[in-house]
Amino acid sequence: MMIRKINLIIFSIAVIVFAGTFLISLVSDSSAGQNIQINNHKVPAVVPQMHSSSKIPKNGIHTFMGKSQSDILKVLGKPERIDDTKYGYQWLIYGTGSESYLQIGIDKATHQVTTIYALGKKLMTPPFVIEGRYKKIYDNVPVSKTVSLTYKGTKIDFDLSEEDMMIRPLIKFGSDWVQLNYDHVTNSLVGVRYMSSDVLVRQHPYSMIYLGSLPAEPALSDSEWKAVNQAEDQEIFDISNLLRLRFKEQPLKWSDAAYQAAYQHSEEMKQKNYFSHDSKWSGDLKTRLEKENILFQIAGENIAARYPDAIAVTLGWLNSIDHRKNLLNGSFTELGVGSYQNYYTQDFVQPMNP
């Protein structure tokens, strides 16, 4: 089988970010690092906000921010499932497989909403319109590459790269924050992510300079990591399928066998401290799939590491041309997603006909 190397678009979302894509007969390897810096002098605050002439809308999904879990249950009913995270909140999941897809983050200590992810285009997200064009939104909502805040006495300056500005700009929205998620290929809004300052600082999805101290990195037990891994697997699967539907492609069926191959690869990359589709321990994608007794006509793989969460990594794959080809490939019919402690693998398969 002819194997050739390809270039990879790198996404710098957190402290260190990696991404990879693979289609049988295609391999890519790359990595990049970006360090958090500590600054000992003050930087002028530049905080993009809504125009002074605009008011925060009275209605919309954003009004759930700060509400209690019981309030959410009264309005939305019982969630389809509850997903654990590594940031001290749980996701209530609604509307899977539809343009009403919604994740409501409930803080485990306060039982209040501290973050929301609105992906479905049927959701009310004023003044932002999902699938709205980049320029039209920015005509009404200015953005800046430097965003500053003070969190529990710590001065923080987020420095957004050109890629951040194009794909995930950050805006002050009342007392909270909004991260707009864009598809750079279509220049349209994919989803809207609302965050409290606490969630924003804990995830720190941008390069930052700070004076003071930051919240400690999450220390999870093995059982807690297992719950987070499984939750992120399902979220990546759900988000991927909704994106496929939005681009007129059929949703993928879950494959337990492909999941096993994907999970084992993510686990091995973490434990062996490497990042590649090829492994000197377990071979290439073809070998790993065959080990799980998967006979296929075509298969593909996306890998990534050290993104904040499932939402961020899926947006990263959508905005990388090569990963996007796998994510939206109409030839694939099945998908297995395997996450392991901030390492992520998607294995796409079109099985052999019986």
Side-chain angles (χ1 to χ4, degrees), residues 11-17 32-50 56 62 64-67 84-91 103-117 141-165 167-181 192-220 224-225 228 305-313 315-316 341-342:
F11 290 88
S12 53
I13 293 184
V15 180
I16 302 174
V17 177
Q34 187 172 27
N35 295 322
I36 290 177
Q37 302 173 347
I38 298 177
N39 186 22
N40 289 320
H41 65 277
K42 293 184 178 181
V43 177
V46 181
V47 182
Q49 303 189 46
M50 301 292 294
I56 303 300
H62 66 278
F64 290 155
M65 289 292 292
K67 299 293 186 183
D84 284 324
T85 77
K86 46 187 175 282
Y87 297 111
Y89 59 84
Q90 291 181 311
W91 286 119
Q103 298 184 198
I104 304 285
I106 305 291
D107 185 90
K108 294 171 73 173
T110 66
H111 305 291
Q112 293 180 319
V113 178
T114 55
T115 184
I116 299 170
Y117 180 52
V141 183
V143 296
S144 172
K145 72 180 300 292
T146 303
V147 177
S148 302
L149 71 153
T150 299
Y151 175 78
K152 296 184 177 180
T154 296
K155 177 67 167 58
I156 300 172
D157 296 283
F158 290 113
D159 185 18
L160 279 64
S161 66
E162 290 185 10
E163 181 180 286
D164 292 330
M165 294 290 288
I167 295 172
R168 44 187 172 270
L170 183 68
I171 302 166
K172 192 76 170 71
F173 195 72
S175 60
D176 298 307
W177 300 87
V178 167
Q179 183 192 68
L180 302 177
N181 290 175
V192 182
R193 187 166 184 162
Y194 306 89
M195 294 177 281
S196 66
S197 292
D198 183 75
V199 171
L200 175 62
V201 171
R202 289 182 183 279
Q203 294 194 4
H204 50 77
Y206 308 96
S207 175
M208 71 162 79
I209 311 169
Y210 65 95
L211 177 61
S213 59
L214 296 175
E217 292 291 325
L220 277 61
E224 289 171 329
W225 266 120
V228 170
R306 300 179 186 175
Y307 277 72
D309 58 14
I311 298 167
V313 72
L315 180 70
Q341 298 185 16
N342 299 333

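Side chains of Thr115 and Trp91 form a contact here, defined as non-hydrogen atoms less than 4.5 Å apart. Side-chain contact between Leu180 and Val192: present, with at least one pair of heavy atoms (C-beta onward) separated by less than 4.5 Å. At a threshold of 4.5 Å between non-hydrogen side-chain atoms, the residues Trp177 and Val199 do not count as touching. At least one side-chain heavy atom of Phe158 sits less than 4.5 Å from a side-chain heavy atom of His204. Two residues are said to be in side-chain contact when any heavy atoms from C-beta on lie closer than 4.5 Å; Asn181 and Ile311 meet this criterion.
Side chain of Lys172 to backbone of Gly174: a donor-acceptor contact under 3.5 angstrom is found. Remark: side-chain polar atoms of Thr150 are not paired, donor with acceptor, to backbone N or O of Gly153 under 3.5 angstrom. Remark: the backbone N or O of Pro308 is paired with a side-chain donor or acceptor of Lys86 at under 3.5 angstrom. Judged purely by atom type and a 3.5 angstrom limit, Ser148 has no side-chain atom pairing as donor or acceptor with the backbone of Asp157.
Taking all atoms of both residues into account, the shortest heavy-atom contact from Val143 to Pro169 is CG1-CB, 4.1 Å. Heavy atoms only, all atoms of each residue included: Ser144 and Met165 are closest at O-SD, 3.5 Å. Taking each heavy atom of Asp164 and Asp159 in turn, the nearest pair found is OD2-O, 4.2 Å. When all heavy atoms are compared, the tightest approach of Met195 to Met65 is C-CE, 3.8 Å. Taking every heavy atom of both residues into account, Leu220 and Pro218 meet most closely at CD1-CB, 3.5 Å.
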Checklist entry - Which is it for Val178 and Leu170 under the side-chain contact (heavy atoms from CB on, under 4.5 Å) test, yes or no, and what are the steps along the way? => result CA-CA 6 Å; Val178 167; Leu170 183 68; over 6 Å; no
Checklist entry - Given the rule in the side-chain contact (heavy atoms from CB on, under 4.5 Å) test, do Ile209 and Ile156 qualify, once you have shown the distances and angles that lead to the verdict? => result CA-CA 6 Å; Ile209 311 169; Ile156 300 172; over 6 Å; no
Item to check | side chain to side chain donor-acceptor pair (under 3.5 Å) assessment of Gln203 paired with Tyr307 | outcome: CA-CA 9 Å; Gln203 294 194 4; Tyr307 277 72; over 6 Å; no
Next on the checklist: Determine whether Ile116 and Arg193 satisfy the following criterion, side-chain contact (heavy atoms from CB on, under 4.5 Å), listing intermediate values before the conclusion.
Outcome noted: CA-CA 6 Å; Ile116 299 170; Arg193 187 166 184 162; over 6 Å; no
Item to check | Residues Trp225, Asn342; criterion side-chain contact (heavy atoms from CB on, under 4.5 Å); working and verdict | outcome: CA-CA 10 Å; Trp225 266 120; Asn342 299 333; 3.9 Å; yes
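Tyr194 and His62 have tilted rings, their planes meeting at an angle from 30° to 60° on a 0 to 90° scale.
One distance of note links CD of Gln90 with NE2 of His111; it measures 9.5 Å at 0.5 Å rounding. Separating the OH atom in Tyr117 from the CD1 atom in Ile104 is a distance of 13.0 Å, to the nearest 0.5 Å. Interatomic distance, CD1 of Ile106 versus OG1 of Thr85, reported as 11.5 Å (0.5 Å rounding). Taking OG1 from Thr114 and OH from Tyr89, the interatomic distance works out to 7.0 Å, rounded to the nearest 0.5 Å. Atom OG of Ser196 sits about 10.0 Å away from atom CD of Gln112, to the nearest 0.5 Å. Here Arg202 contributes atom CZ and Leu214 contributes atom CG; the two are 10.5 Å apart, rounded to the nearest 0.5 Å.
With respect to Arg168 and Glu163, a salt bridge is recorded, a charged nitrogen being found less than 4.0 Å from a carboxylate O.
A donor atom on one side chain and an acceptor atom on the other are found under 3.5 Å apart for Asp198 and Tyr151.
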